[in-house]
Structure formats: C-alpha cells, structure tokens
Amino acid sequence: MLRRDLVLTAGALALASMGASSGAAAQETVKIGLILPMTGQQASTGKQVDAAVKLYVAQHGTTVAGKKIEVILKDDTSVPDVAKRLAQELVVNDKVAVLAGMGLTPIALAVAPIATQAKVPEIVMVAGTSTITEASPFVVRTSFTLAQSSVPMAEWAFKNGIKKVVTLVSDYGPGIDAEKSFSEKFKADGGTIVENLRVPLRGPDFSPVLQKVADAKPDALFVFVPSGAGAQFVKQFVERGLDKSGVKLIATGDVIDDDLLNGMGDVVIGVINAHNYSTYHQSPTNKAYVEAFKKANNGMRPNFLSVSGYDGMHLIYEALKKTNGSTDGEKLVAAMKGMAWESPRGPISIDPETRDIVQNIYIRKVEKVDGELYNVEFATIPNVKDPVKAAKKK
Ligand code: PHB
C-alpha cells in the first residue's frame, strides 16, 4: 500500500470511530419529528393526533430501552412544501430518528424521498392513499387506506337493496381511491354507478354537485371527504333538501367523523358508513382510551385520527424495545413489520410485506345514545388488508 493510502485509511478510520462515538452520544435521546397540520384547513387533524401522542407519552413515560424520548412537534400548515422543508430540518439539524404525522396524502408523499435518503422511518398516522407505502421502503402506516372502508361499504350497499349510486369525493389521492374501489366493487356485485362526481380538496362548494345528485335520483350517494370537511358537506346536503329526497347517504367514516358528529345534528341519524374506529367501539381498551383522552383534553372526543397517532407511538416504542434502543432506520422498520397489538379500534397489525396496516372494518349506523350522536357498529369485516395492493398482487 502506498503511504498516502495508509494515511487516508487511518483518517477514514478515525472519522468512522468519531462518527460512531458521537452517534452513540446522540442516541441517548431518541427524537421523533412530528409533522402535523396544526393550522389551516386540516387543523382538527393536527389537534387530534397531537393530543393522542401526548397521551401516549404521558401514559408510557419518556424512557424506552434506556433512551429518552423527545417529540418535536412542527406545524406544516397543511402545505406539502412546508412539510418537506420541516422534514429536512428535523433530519439534518435535530437528527430525529423517526418522522411521524403526515396529515394529508400530498404531505406524506413530499416527505417520503427524505425518509428514503436519510434512512429514517416515516410513520404515516393520517394519510390514506394506497400508494403512499410504495413511495419509500421507510414508510410504515398506522392509519388506513380508503379502499379498506370503501370496498366493504359497496358490498353492504348492494346486499341491502341499493342498486344505483352516485359517488362524490374530494379530488385527490384518497378520494380517487375511494371512488375507484367503491365503484369497481359495486359494479362487480351487479350495481350501477350513475355518475362519479369530484370536488376540490381546498374550499369545496358542494352545491353544484348536489344539484346533479338531485337530478340523477340515485338510490344512494356515496361520499368521501377528508376528516374535518364532513360538517360542511352535511350542511349543504340538508340545505339542498337531499335528506328528504329519498337519496340515502352512505360514506366512509371520514365524513361522519366522531369529532364533528354532535355538531352535525339529528339529520345524520341513520346514516350508514364504514370505518376502522368509532368512539363508541365497545371494548375495555377503547373505553379506557376514550376516558383518558377526554380527561386530558377538556372532554374532547377522540376520533379515528387520534387512534392512528396513539398506535403510531405504540409502534415506535415497541420497535425501539425490539432493537434494544438502536435507532438504525432499517432495524426499526424490520422490527415494525408484522407487529400486532390490541388498539382502541380493535386488533391491528403491520403487514410485513407492504408495511401497511391490517385492521377490522366496521359497518356503523349513526344513532343517538344518552343524548349524543355516535357511530354504532353493527357488522365487522375482520383483518382487512389494503384491497388495492391485494389486487395488484394477483
Ligand atoms: C389523506 O389526505 O390521505 C386523508 C386525510 C384525511 C382523511 C383521509 C385521507 O380523513
């Protein structure tokens, strides 16, 4: 070997050992970068997930596998470019071991290349477009996909005498997944899709499309809008008189969100919808969760997104235990694959092949119980994998 090479090798070794020792010191604190929409159109999402993350930490402590946990919350204001910049800063400046949150599909997708580059797990606690888990091998999802709820909704509708449907969705990733998966299943079962209507994600006006629904007179209108937008939709549905027109309203649970349900009023009593979580889910785990969440948040009801955030924290804590506190991104993702546990929503697991969530989907009906509106579950489809990815595999 030339002398120059020897010097270089020694230098590289010194650098590597420096890196290793400073890495070990930095690992004493495990930082989690939580990127959420705390302001803007999706602010209710940020509020729910943040509250659940805080509750999980309060209940489970800030020490895991000998390491101190620190959550750094950043407000992406519901803007993907802002989320991307925040993710970069969290990785480069704060040296976070995990990125989490992702309140909208475009945000989860904007952050994915950073997760890949930095080899940092991206725990998706909200966004529901099927393809997100394919955007990076470091994405692991604790929320849901829209096909998970839309396919069972289509199946229930056809079995229960609904033959003609108009669909109405927000015009972006999860809406298009909901529209496609509902329509394909409903048509395969023998139903007719009269029309597929879409509204913009930002500031939607439902009046023009609701006029089309009134003219088409389907047996039912199937709707997806993201969490937080359902109240505005229901208000315009009623203003147009559609609640009295004989057109049944069916939906994914995002529309009939537990968070907004009481404010929607008695007009939504009887609405059938499909989803992964109800505040009213009858299990001891959920009863304890709802009670603790309300106590910590001035009586605020936990919704499905809070549960995804809570489960996301469980996933991170348990993965760290399995790696004995190592924050190596590949090891953490490997530890997450196949993990199974009892969530407030019921039994869940992470599909080891797709890193996507496997969960029960419940068919629910809005009912008034003790003076409050709830989604009361009456049928369960167990262990549903993302139908879009399942179909691709075939
Ligand atoms: C999404 O942007 O993927 C999203 C957000 C809120 C929902 C569902 C999907 O309720």
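Both counts, for ligands and for their atoms, begin at 1 and track the order of listing.
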Atoms of ligand 1, numbered as shown, that sit under 4.0 Å from any heavy atom of [X]:
| X | answer |
| --- | --- |
| T105 | 1 (C), 2 (O), 3 (O) |
| P226 | 5 (C), 6 (C), 7 (C), 10 (O) |
| F144 | 8 (C) |
| F304 | 10 (O) |
| L104 | 2 (O) |
| S227 | 6 (C), 7 (C), 10 (O) |

For E195, all residues meeting salt bridge (Lys or Arg N to Asp or Glu O under 4.0 Å), sequence neighbours excluded:
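With sequence neighbours excluded, E195 shows a salt bridge (Lys or Arg N to Asp or Glu O under 4.0 Å) to no residue whatsoever.
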Tell me: protein heavy atom nearest atom 4 (C) of ligand 1, and distance?
Y172 OH, 3.5 Å
Any idea which protein heavy atom is nearest atom 8 (C) of ligand 1, and the distance to it?
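Looking only at protein heavy atoms, the one closest to atom 8 (C) of ligand 1 is D254 OD2, 3.3 Å.
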Geometry only, no angles: is G128 polar-contacting ligand 1 at N/O separations under 3.5 Å?
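Right, the criterion is met.
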Going by side chain to side chain contact (heavy atoms under 4.5 Å, CB included), name the residues that satisfy it together with V238, two or more places apart in sequence or in a different chain.
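Counting only residues at least two positions away or on another chain, V238 forms a side chain to side chain contact (heavy atoms under 4.5 Å, CB included) with V234, D243, V267.
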Has the side chain of T192 got a donor or acceptor atom that lies under 3.5 Å from a matching backbone atom of V194?
no
Judged by modelled atom types alone, do S207 and D205 share a side-chain donor-acceptor pair under 3.5 Å?
yes
Is the positively charged end of R345 above the ring of Y289, judged by distance under 6.0 angstrom from the centroid and angle within 45° of the axis?
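Here R345 fails the 6.0 Å and 45° test against Y289.
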Using the rule side chain to side chain contact (heavy atoms under 4.5 Å, CB included), only one of N160, I363, D189 pairs with E155; which is it?
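Per the side chain to side chain contact (heavy atoms under 4.5 Å, CB included) rule, the option paired with E155 is D189, out of N160, I363, D189.
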Quick test of your reading of the model: are D328 and K331 salt-bridged, counting only N-O distances below 4.0 Å?
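Judged by the 4.0 Å cut-off on N to carboxylate O distance, D328 and K331 do not form a salt bridge.
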Have a look at ligand 1 and work out which part of A127, if any, has a heavy atom under 4.0 Å from it: side chain, backbone, both or neither.
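Both of them.
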